[in-house]
There are 2 protein chains.
Amino acid sequence: MSNRTRILRLSRYKNAALRLKSLNFLKVFSDNLADATGVTASQVRKDFSIFGIEGNRRGGYQIDELLTQLNKVLGKDKLQKFIIVGIGNLGRALINYQGFVKSEIKILAGFDIDPAKFNRKADALILPMEELPGFVKTNEVELAILTVPEFAAQEAFEKLRNAGIKGILNFAPIRLKSDDKVIVHNLNLETEFENLIYFVNTHTVPQD
Amino acid sequence: MSNRTRILRLSRYKNAALRLKSLNFLKVFSDNLADATGVTASQVRKDFSIFGIEGNRRGGYQIDELLTQLNKVLGKDKLQKFIIVGIGNLGRALINYQGFVKSEIKILAGFDIDPAKFNRKADALILPMEELPGFVKTNEVELAILTVPEFAAQEAFEKLRNAGIKGILNFAPIRLKSDDKVIVHNLNLETEFENLIYFVNTHTVPQD
DNA sequence: CGCAAATTGTGATAAAAATCACATAATAAC
DNA sequence: GTTATTATGTGATTTTTATCACAATTTGCG
Ligand SMILES: NC(=O)c1ccc[n+]([C@@H]2O[C@H](COP(=O)([O-])OP(=O)(O)OC[C@H]3O[C@@H](n4cnc5c(N)ncnc54)[C@H](O)[C@@H]3O)[C@@H](O)[C@H]2O)c1
Ligand SMILES: NC(=O)c1ccc[n+]([C@@H]2O[C@H](COP(=O)([O-])OP(=O)(O)OC[C@H]3O[C@@H](n4cnc5c(N)ncnc54)[C@H](O)[C@@H]3O)[C@@H](O)[C@H]2O)c1
């Protein structure tokens, strides 16, 4: 009872709550979160109830408390350490992105096969693939981003798997399969483009 | 009867069929596509049936014909012209990406407010925001990618909307709302990270 | 040419997800 | 305090999505 869509909604509730907090709100109602995220109020309450998140009847949800609980479910109560494999166009964009900093997501290092990419400066560490297994072990990294070209994705996937990585966000346009050892989230941007194109071409509005 | 998930699956079937074609297969069965994409064979057939895509009993689907029909549904039978607003880390990665070229997706130009980004060379045209409405009209562009910082997203969204853009793929971490005039597909990468983190932390395997 | 094997296409059925609706509790107003 | 009002929390219900299962058809083979 906790599929991908439901977790996705929890992230959205969290983002909406953060925005309201930044506007100095102290409490929030299922209704507000529903408006902000485009779902019904009972959907919000049902989602919360499944994760044991409770509010006060008539009083709604204390934003701080709600955020604490949502962050706990989403793993944002502790630092999530990532490495990234493939420092090309996309890998570099991600490794340079400052938006993750404030959100308990940290990319510790990048890895590549191209020596021209290597860099030992602490703030943008880019290392050869050979050092990946050791780095993962020493730093107890469980999560990885994969941004190598399609032809290299399967090989890189296996290296990550062997190194003990537990979860991979894969941007290469090839479906890598999850199993007991590694969970893969395939994120194919071309597919996202196609999705938008379909709904524009058919003049239908998808229910997000 | 054609939600986002179903269109997403059609994209995956298309990708699987392309791969099989590149291996010189001439026909394919619902079973093969199911394996390749991680769904059941009857799901494949049901999806096809909803879009009027037919095969031969006992003979499966001719790959070429199947691709023609899937490409038609997904709008890959004609060039899809995009512009991109915000040429920073992510915008530059997307505009430089060569993978879209072979797939009927073309980014005609980028737009930014920072004069340092402007570039009039034909192959990587980056123009000031002021030229956006004219460019969109002249080139009959309906689709846009939005990669500006969060604080600028709402404003840029409205400029795109006023210029007559019909569909936007939004990477800024803020939920822009679709309406009759513009369809928005919000793609929040942090949310995708959180999703992976959740399933890794809970040791559950999401059904893709 | 007729029979056996294999695969589609789809109505029927099951499972999953979302919504409804209302009893229950908290708050505010007086 | 008592009462009216407003939200929550959740079982019941509806809607949506996926699977089953099998008749209809095609293919290949003897
Ligand atoms: N750039 C984009 O906007 C974009 C859009 C959609 C999808 N993608 C996908 O994301 C992936 C990366 O795209 P990109 O544009 O950054 O590619 P890129 O070619 O710019 O970068 C790929 C990097 O991976 C490195 N690499 C190659 N083989 C490797 C290996 N075996 N081990 C480790 N590193 C290796 C290369 O040295 C290079 O630095 C590709 O699969 C691409 O299809 C990118
Ligand atoms: N870089 C990433 O890996 C990454 C990851 C997740 C999300 N994002 C999101 O994608 C967006 C872009 O990220 P980025 O790292 O490329 O940012 P960036 O700061 O590198 O680039 C933003 C660009 O937008 C331009 N810009 C600012 N205001 C503008 C306006 N009003 N009109 C037109 N252009 C304007 C800037 O000049 C700059 O070139 C952000 O919203 C970010 O949160 C990026």
Side-chain angles (χ1 to χ4, degrees), chain A residues 1-13 16-17 20 25-67 69-70 73 195 198-199 204-208, chain B residues 1-13 16-17 20 25-67 69-70 73 195 198-199 204-208:
Chain A
M1 197 32 131
S2 66
N3 58 163
R4 198 160 259 169
T5 353
R6 174 158 283 126
I7 305 303
L8 222 128
R9 283 197 304 265
L10 291 187
S11 287
R12 295 206 185 123
Y13 302 151
L20 292 172
F25 281 55
L26 292 179
K27 59 185 186 178
V28 62
F29 304 109
S30 57
D31 205 24
N32 307 139
L33 294 171
D35 280 354
T37 58
V39 302
T40 64
S42 45
Q43 179 77 86
V44 175
R45 298 200 298 274
K46 182 71 88 181
D47 287 338
F48 285 176
S49 120
I50 281 162
F51 288 96
I53 295 175
E54 299 198 342
N56 295 336
R57 295 182 195 222
R58 170 96 198 228
Y61 305 86
Q62 294 298 122
I63 291 191
D64 280 333
E65 198 186 321
L66 178 62
L67 278 170
Q69 296 190 80
L70 287 172
V73 173
N195 219 266
Y198 174 84
F199 288 102
T204 49
V205 181
Q207 74 292 30
D208 192 49
Chain B
M1 195 37 126
S2 64
N3 58 166
R4 199 160 257 169
T5 353
R6 175 159 283 126
I7 305 303
L8 221 128
R9 284 197 303 266
L10 292 187
S11 286
R12 296 207 184 120
Y13 304 151
L20 293 171
F25 282 54
L26 293 180
K27 59 184 185 178
V28 63
F29 303 111
S30 57
D31 204 24
N32 307 139
L33 294 172
D35 280 353
T37 58
V39 302
T40 64
S42 44
Q43 179 78 82
V44 175
R45 298 200 299 275
K46 181 72 87 182
D47 286 339
F48 285 176
S49 120
I50 281 162
F51 288 95
I53 295 175
E54 299 199 341
N56 295 336
R57 293 178 197 227
R58 172 93 198 236
Y61 304 85
Q62 294 298 122
I63 291 191
D64 281 332
E65 198 187 321
L66 178 62
L67 279 171
Q69 296 191 80
L70 286 173
V73 173
N195 219 264
Y198 174 84
F199 288 103
T204 49
V205 181
Q207 75 290 29
D208 193 53

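Keep in mind the model is a prediction, meaning the values are calculated, not measured.
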Could you check whether any side-chain heavy atom of A:L70 comes within less than 4.5 Å of a side-chain heavy atom of A:F51, counting everything from C-beta outward? no

Mind checking what makes side chain to side chain donor-acceptor pair (under 3.5 Å) contact with A:S49, not counting sequence neighbours? none

The helix from C:dC1-D:dG30 to C:dC30-D:dG1: angle between terminal helix axes, five bp per end, to the nearest 10 degrees, reads 10°

If a pair satisfies salt bridge (Lys or Arg N to Asp or Glu O under 4.0 Å) and one of its residues is in residues 49-67 of chain B, list it, with sequence neighbours excluded. B:K21-B:D64

In whole angstrom, what separates A:D31's CG from D:dT8's P? 8 Å

A side-chain contact here means heavy atoms from C-beta on lying under 4.5 Å apart; do B:I7 and A:F199 qualify? yes

Spacing of A:L66 atom CG relative to D:dT8 atom C1', expressed in whole Å: 13 Å

For nucleotides 24-26 of chain D, give me every protein contact, N/O to N/O, under 3.5 Å, one pair per line with atom names.
| from | atom 1 | to | atom 2 | distance (Å) |
| --- | --- | --- | --- | --- |
| D:dA24 | N3 | B:R57 | NH1 | 2.8 |
| D:dT26 | O4' | B:R57 | O | 3.3 |

For A:Y13, which residues count as a side chain to side chain donor-acceptor pair (under 3.5 Å) partner, sequence neighbours excluded? A:D47

Just the rounded figure in Å: distance from P of C:dA16 to CD of B:Q207. 9 Å

Taking only residues two or more places apart in sequence, or in another chain, which ones meet A:S11 in a side chain to side chain donor-acceptor pair (under 3.5 Å)? B:E194

Sorted by first residue and then second, give each side chain to side chain donor-acceptor pair (under 3.5 Å) pair with at least one member in residues 29-39 of chain B; sequence neighbours left out. B:S30-B:R45

Once you round it to whole Å, what is the distance between P of D:dT17 and CZ of B:R6? 7 Å

Can you work out whether A:T5 or B:G55 has the more 5'-proximal nearest nucleotide on DNA chain C? B:G55

Rounded to whole Å, CG of B:L8 lies from C1' of D:dA18 at a distance of 16 Å

From C-beta outward on B:F29, which listed nucleotide comes closest to its side chain: D:dT10, C:dT8, C:dA17? C:dT8

For B:T40, all residues meeting side chain to side chain donor-acceptor pair (under 3.5 Å), sequence neighbours excluded: none

Would you indicate, yes or no, if C:dA16 has its OP1 or OP2 atom less than 4.0 angstrom from a side-chain nitrogen or oxygen of A:N3? no

If I take atom NZ in residue B:K46 and atom P in nucleotide C:dA14, what distance separates them, rounded to the nearest angstrom? 15 Å

Which whole-number value in Å describes the distance from A:D47 CG to D:dG9 C1'? 13 Å

Take atom OH of A:Y61 and atom P of D:dT6, then tell me their distance rounded to the nearest Å. 18 Å

Just to be sure I understand the geometry, which residues of residues 35-45 of chain B put a non-hydrogen atom under 4.0 Å away from DNA chain D? B:T40, B:S42, B:Q43, B:R45

